[in-house]
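Whatever order the structure lists ligands and atoms in, that order sets their numbers, starting from 1. As the structure is a prediction and not an experimental result, all values here were calculated from the model.
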Amino acid sequence: MSAPARKRVSLSQSAHSWQQAMREAITDADTLFERLQLPADQLPGARRAARLFPLRVPSGYVDRMARGDLADPLLRQVLPLDIEHAVAPGFTADAVGDGPSDLGDGVLHKYAGRALLITTGACAVHCRYCFRRHFDYAAHHAGGEHGRAAVAHIAADTSIHEVILSGGDPLSLSNTRLAALGRQLDEIRHVERLRLHTRTAVVLPERIDDGLVAWIASRPQRVVLVVHANHAREIDDHVAAAMARLSGAGAVLLNQAVLLRGVNDDAATLAALSERLFSVGVMPYYLHMLDRVAGTAHFEVDADRAQRVLDELAARLPGYLVPRLARETAGEGAKQVFGHRASAN
Ligand SMILES: *Cc1c(COP(=O)(O)O)cnc(C)c1O
Ligand code: SF4
């Protein structure tokens with residue numbers, strides 16, 4: 001048991017920076033298996049699959065998982081499995097067409113009025129279902145030398161009213177880097193909204209530190225934070241406190257989830273997620289259909305079942321707690337949104 005060592009870590013946690021928590025993330029299958037007391041016969045497969053896309057999970061997120069349970073919905077999202085080697089028809093490396101729509105400077109300008117900036121390739125967690133597990137970050141991200149070109153692109157196009165910081169995860173950037181980017185965007189008068197897409201706020205709530213909160217509060221643009229939680233149990237007291245700090249800084253908080261087989265593909269689980277989100281001040285926004293990316297087929301929920309789950313969800317919840325079921329299609333001008341059918345029964 002490694003309990004004594006862990007105790008020391010958690011006792012001094014308040015003194016730890018989020019960077020330190022990032023560095024202390026679990027990145028090998030052996031440690032994860034030992035920590036959660038998982039069945040050893042699954043370990044070789046986990047080691048192999050981690051070579052396809054490295055394992056990465058913050059320690060504090062592992063604390064929210066059940067011990068000894070391979071089916072734990074939080075564990076499923078980060079656990080490498082041999083099944084990722086399976087070749088499934090229709091599952092490819094660039095399922096959403098990000099390659100072709102990138103202008104080469106880390107700006108994805110696919111949708112009217114909104115430009116998405118790939119600020120960094122780094123994430124606090126590696127989600128096994130991620131559509132970017134094959135994405136060539138080195139070639140595409142808008143950090144470093146690319147940054148100037150990305151900002152110039154936005155400055156030159158007055159139709160862009162919203163800049164979306166994405167990645168990877170923009171909250172992998174230091175507060176200093178965010179401040180520098182913010183100063184450049186502040187010069188561009190037609191940018192009225194600043195949106196951040198981040199899973200870090202959920203998996204590593206330490207990231208929502210005083211410096212970040214002050215930066216958000218001082219933005220001249222309206223700030224929208226789209227967090228990414230897939231299950232109610234991801235939102236513990238630390239995450240709730242982080243959401244309160246973000247709301248306090250004036251940010252509008254939304255959630256996007258991905259519909260994942262074995263994680264959240266039933267109405268009761270999704271209803272609990274919506275209610276938990278609302279209780280911490282976050283409105284459900286999108287429920288994404290899985291992007292058909294190689295190595296993720298075992299997470300897929302077919303369209304018929306997705307529609308049925310959404311209809312049942314709509315029958316349980318007030319309309320404002322029902323997310324929009326969305327699918328991204330290569331080459332389309334917007335995400336394709338499916339409503340729920342009015343008469344579900
Ligand atoms: C999803 C996405 C957006 C934002 O779409 P919304 O429907 O406004 O949330 C913008 N640009 C790109 C490239 C996207 O993939
Ligand atoms: S945090 Fe987001 S971008 Fe990063 S691996 Fe997870 S889903 Fe993908």
Side-chain angles (χ1 to χ4, degrees), residues 22 25 27 50 52-58 61 74 76-80 94-103 106-135 137 140-142 150 153-154 157 159-173 193-204 207 224-230 234 252 254-260 263 283-291 293 295-296 299 323-338:
M22 283 277 255
T27 54
L52 296 174
F53 181 48
L55 166 68
R56 176 167 197 87
V57 55
Y61 186 74
L74 277 58
R76 293 264 311 168
Q77 298 176 54
V78 301
L79 180 68
D94 184 17
V96 294
D98 273 356
S101 58
D102 183 348
L103 300 163
V107 180
L108 298 182
H109 191 182
K110 260 168 56 167
Y111 299 156
R114 291 149 290 173
L116 185 148
L117 267 183
I118 309 273
T119 56
T120 168
C123 293
V125 65
H126 284 177
C127 313
R128 305 315 294 178
Y129 53 84
C130 182
F131 72 99
R132 290 217 168 106
R133 56 186 281 156
H134 306 284
F135 199 74
Y137 290 109
H140 293 269
H141 80 79
H153 171 96
I154 294 161
D157 187 340
S159 77
I160 297 172
H161 295 299
E162 177 165 351
V163 170
I164 303 171
L165 305 185
S166 184
D169 195 309
L171 293 189
S172 303
L173 300 178
R193 296 184 300 277
L194 182 63
R195 187 189 330 178
L196 283 82
H197 280 190
T198 175
R199 183 143 166 75
T200 301
V202 171
V203 300
L204 197 104
R207 176 63 189 94
V224 180
L225 246 102
V226 183
V227 301
H228 174 178
N230 297 315
E234 292 179 307
V252 171
L254 306 173
N255 184 63
Q256 54 182 348
V258 181
L259 184 61
L260 298 166
V263 173
M283 300 302 294
Y285 180 33
Y286 278 134
L287 177 62
H288 290 281
M289 298 290 287
L290 183 77
D291 295 314
V293 165
T296 68
F299 283 117
R324 271 163 276 188
L325 184 62
R327 185 199 292 280
E328 193 134 0
T329 317
E332 293 291 318
K335 290 184 195 0
Q336 193 188 345
V337 177
F338 308 83

What atoms in ligand 1 come closer than 4.0 Å to a heavy atom of [X]?
{"X": "R195", "result": "4 (C), 6 (P), 8 (O), 9 (O)"}
{"X": "R114", "result": "5 (O), 6 (P), 7 (O), 8 (O)"}
{"X": "Y285", "result": "6 (P), 7 (O), 8 (O), 9 (O)"}

If you measure from each non-hydrogen atom of H109 to ligand 1, which part falls under 4.0 Å: side chain, backbone, both or neither?
neither
When you measure from the heavy atoms of Q256 to every atom of ligand 1, does any distance fall below 4.0 Å?
no
May I ask whether E162 has any heavy atom positioned less than 4.0 angstrom from an atom of ligand 1?
no
Does ligand 1 come near enough to [X] that some N or O of the ligand is less than 3.5 Å from an N or O of the residue?
{"X": "H197", "answer": "no"}
{"X": "Y286", "answer": "yes"}
{"X": "Y111", "answer": "no"}

Where do [X] and [Y] come nearest, in terms of heavy atoms and distance?
{"X": "P170", "Y": "T119", "value": "CA-OG1, 3.5 Å"}
{"X": "V263", "Y": "N230", "value": "CG1-CB, 4.4 Å"}
{"X": "A50", "Y": "L55", "value": "CB-N, 4.1 Å"}

For this output row, return yes or no: ring centroids of H109 and H153 closer than 6.0 angstrom.
yes
Do you see an N/O/S atom of C127, backbone or side chain, under 2.8 Å from atom 6 (Fe) of ligand 2?
yes
I'd like to know if atom 4 (Fe) of ligand 2 has an N/O/S atom from C123 within less than 2.8 Å of it, counting both backbone and side-chain atoms.
yes
Quick check on D169 - does any of its heavy atoms sit under 4.0 Å from an atom of ligand 2?
no
Do the side chain of D169 and the main chain of T198 share a donor and acceptor less than 3.5 angstrom apart?
no
Quick check: do L196 and L225 have side-chain heavy atoms less than 4.5 Å from each other?
yes
Parallel, tilted or perpendicular: which fits the ring planes of H126 and F53, with parallel below 30° and perpendicular above 60°?
parallel
Which one of I164, L116, V337, V107 has a non-hydrogen atom at the shortest distance from atom 4 (C) of ligand 1?
I164
Residues which pass side chain to side chain donor-acceptor pair (under 3.5 Å) with R56, listed by chain and number, not counting sequence neighbours
none
If we number the atoms of ligand 2 from 1 as shown, the ones under 4.0 Å from a heavy atom of H228 are 7 (S)
Using a strict threshold of under 4.0 Å (side-chain N to carboxylate O), is an ion pair present between E162 and R114?
no
